[in-house]
Every structure is written in C-alpha cells, then in structure tokens.
Amino acid sequence: MTDIPDHLISLECAAEAERAKLAGLAGEAYDAQWHAWRSAADAVQAAVSAHAEAAQVDPREVERAVKDAVRRAQEDPAVE
C-alpha cells in the first residue's frame, strides 16, 4: 500500500482528537463526547472501506497504513 489519500489521514486525526477529549470526562459529558468520537471513528471506517473497495485492496491494509501515517506525523517534531 503506497498512496494513502490525505482525506483518510485527516479523518483519522480528527477521530483521534475526539478520542483524546474523553480524558477526564464523566457522566453526560463523557457520553456526549463518546458519541462524537464514535461518529468520527465510523466516518474513518466508512472512508477506509470505500477506498479499499475502489483500490481493490484489503481494508485492513488501508487502515494499518492510515494509522501508521498518523503515528509518523505525530512523532515528527516539525508537526508540533
């Protein structure tokens, strides 16, 4: 898997940002944020599935490549 579209990376970053917001929340605030995170995560999965189908590749391969790309970007000190 070589080319990961930027929109997949952006969606994954957005989902991770929503997940990170769960820290320290409780009760209704947690529930609301959990739904926001799940919505973002579902959007990632739908986009990954669509890309994998269009490219005729295994969606697990696409998902792994997206997560690796996001992880590399977060480790890059120039990004911060």
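Computed over heavy atoms, backbone and side chain alike; hydrogens, waters and symmetry mates excluded.
- Ala40 and Ala15 get closest at one heavy-atom pair: CB-CA, 3.7 Å.
- Distance CH2/Trp37 to CD/Glu16: 8.5 Å, rounded to 0.5 Å.
- Closest heavy-atom contact between Val66 and Ile4: CG2-CG2, 3.6 Å.
- The shortest side-chain heavy-atom distance between Glu63 and Gln45 falls under the 4.5 Å cut-off.
- For Leu11 against Ala43, the heavy-atom pair with the smallest separation is CD1-O, 4.1 Å.
- Between the side chain of Gln33 and the main chain of Glu18, a donor-acceptor pair closer than 3.5 Å is present.
- With sequence neighbours excluded, the residues satisfying side-chain contact (heavy atoms from CB on, under 4.5 Å) with Asp68 are Arg64, Arg71, Arg72.
- Closest approach of Val57 and Val62 over heavy atoms only: CG2-CG2, 3.5 Å.
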